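Please read all numbers here as calculations on a predicted model, not as lab measurements. Below, chains carry the letters A, B, ... as their sequence lines are ordered, and counting in each starts from 1.
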2 protein chains.
Amino acid sequence: MKSEARSVGLPTTDWAAHAEQELKRAGHRSSAPRSAVVEVLGRQGCVLSAREIADELRADGRDVGIATVYRALELLDELHLVQRLDVGEGTVRYEPAHPSGEHHHHLVCDSCGRVSSFEDRDLERAIAHLAGRLDYQVGGHDVVLRGACPACSSA
Amino acid sequence: MKSEARSVGLPTTDWAAHAEQELKRAGHRSSAPRSAVVEVLGRQGCVLSAREIADELRADGRDVGIATVYRALELLDELHLVQRLDVGEGTVRYEPAHPSGEHHHHLVCDSCGRVSSFEDRDLERAIAHLAGRLDYQVGGHDVVLRGACPACSSA
DNA sequence: CTATAAGTGAGAATCACTATCGCTCGCGGG
DNA sequence: CCCGCGAGCGATAGTGATTCTCACTTATAG
Ligand SMILES: [Mn+2]
Ligand SMILES: [Mn+2]
Ligand SMILES: [Zn+2]
Ligand SMILES: [Zn+2]
C-alpha cells in the first residue's frame, strides 16, 4: 500500500485497473475501444450515459462507435463491474461498482433532472435486514429519492 | 361522506373512484377511454405497462388508442394518482397511488424479470429519517431489490 | 507467423414513447 | 333542449435510445 493518498472515499482511480483485470479473468480480449470506455467511467465516478461516454471520447480524439460503447457497458454490467441507474428519463446511466461493496444512491430533481448522491448506513442496514427476511435471493438494490434540489426549491 | 366502508388495508377498489374524483376536481372532462384506463389500473393494483393496459382493454372489447393510454397515464402521474416504476427494461409501468400514502416497493427477478412487491416499515422509517437530514426537498422515493425469485433460484 | 474467433463500427432495424392534426363529444351558457 | 367550443380521442408520423447485422480488423493461442 503506497500511494493511497486519497481521503476517506472511494478508490475511484483503481476501479479501471480492477475492471480490466476482471475482464481478462473472464476470458475477454483487451482492446483499445473497450479500455477507453472503462477509463472514462473510472475518471467520472458517478452516473454517465452511453452517449455521454461516446461524446467524452470523441472530444478526446478517441472515437469509439456507439455500438461498442453499449456493448462494453453491457459486458461490464454482466460482470457486475458497473451499476446501472435508470431514473426513467429514457436513458440508462452507469457508474463504477466498487468491489468493496461501497456504494451510494441517488437523488433526482423533478424539475431540473440533475442527479446527486448520498450514502446512509441506516438505510443500508434496513435493506440488509429486510432482504434477510424475504423469500427471495436478493443480490442488489436501488434507491432513488425524488424531489427538488436546493437550487430548484429556492427558486 | 357516505360509503367510506373501507377496512384498514389498501382501498384498492375505491382508488378508481378517487382518481375520477381528482380528475374532475382538477378540471378535466370525463371520457370513456380515460375511465377505462383508470378502471383497469384499479382492478390490477400493481404495476402495468401502457401496452398491457391497452391489451387488457382490447380483450375487453373496449379498444382505446395507445396514445390515449399514454396521455391518461401521464395525467394521472402529474396528479400523483399513480406511481411510475421503471426497472430498466425499456418499458415504464404504473400502479395506483393511494391517497393514504400507503405504498409498497418491488422485487425484480434478474432471470425471469417477474416483479413482486414487499412492504417494510423499518425501511420507510430509515428513508424518512434520512430525507429529513438531507439538503433536499424529498418528495418521494423508489426502492427496487434485485435478485432471483424463489422459482428461479431453486432451478 | 497464422489461423481463428472475439471485437469493432457503420448503418439498418426495433421499440417505447411523443407530437400532429383532423374529428368527436362533454358540458356550460342560452 | 340546443349550440359552440375547446378538451379529448386516435390513426399515424416522428424521435431517440438501444440492439442487430455483417463485413472488416486484430488479439492471441499454438
Ligand atoms: Mn445501498
Ligand atoms: Mn417507501
Ligand atoms: Zn433541480
Ligand atoms: Zn424469476
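- Computed from coordinates, the A/R51 CZ to D/dT19 C1' distance equals 14 Å when rounded to whole Å.
- Distance from the side chain of A/A50 is smallest to D/dT18 among D/dG10, D/dT18, C/dA16.
- Using a 4.0 Å cut-off between charged side-chain N and carboxylate O, A/E124 and A/R121 make no salt bridge.
- The stretch residues 20-40 of chain A touches DNA chain C through A/H28, A/R29, A/S31, A/P33, A/R34, each having a heavy atom within less than 4.0 Å of the strand.
- Rounded to whole angstrom, the span from the CG atom of A/D77 across to the C1' atom of D/dT19 amounts to 15 Å.
- Rounded to whole angstrom, the span from the CD atom of B/E78 across to the P atom of D/dG8 amounts to 11 Å.
- Under a 3.5 Å cut-off, the side chain of B/R125 and the backbone N or O of A/A126 do not form any donor-acceptor pair.
- The side chain of B/R71 sits closest to D/dG10 out of C/dC17, D/dG10, D/dT18.
- Counting to the nearest Å, the C1' atom of D/dA17 and the CG atom of A/D86 are 11 Å from each other.
- The phosphate of D/dT19 (OP1 or OP2) has no side-chain N or O of A/Y70 nearer than 4.0 angstrom.
- One can place CG of B/D63 at 18 Å from P of C/dT24, the figure rounded to the nearest angstrom.
- Atoms CD (B/E74) and C1' (C/dA19) sit 11 Å apart, rounded to a whole Å.
- With respect to the salt-bridge test (charged N to carboxylate O, under 4.0 angstrom), the residues B/R71 and B/E74 do not qualify.
- The residue among A/T91 and A/A67 whose nearest nucleotide of DNA chain D is located toward the 5' end is A/T91.
- With C/dG9, D/dG10, C/dC17 as the choices, the nucleotide that has an atom nearest any side-chain atom of A/V64 turns out to be C/dG9.
- Residue pairs meeting the ring-ring contact (aromatic ring centres under 6.0 Å, His included) criterion with at least one partner in residues 23-42 of chain A, sequence neighbours excluded, do not occur; the list is empty.
- Summarising the geometry, the separation between CD on A/E89 and P on C/dT18 is reported as 11 Å, rounded to the nearest angstrom.
- The 12-atom threshold is not exceeded at CD of B/Q137, counting heavy atoms of other residues, nucleotides or ligands nearer than 6.0 Å.
- B/E20 and B/K24 are not joined by a salt bridge, as no carboxylate oxygen comes within less than 4.0 angstrom of a charged side-chain nitrogen.
- Between A/H141 and A/H105, the distance separating the two ring centers is shorter than 6.0 angstrom.
- Residue A/L73 contributes atom CG, which lies 15 Å from atom C1' of C/dT8 at whole-angstrom precision.
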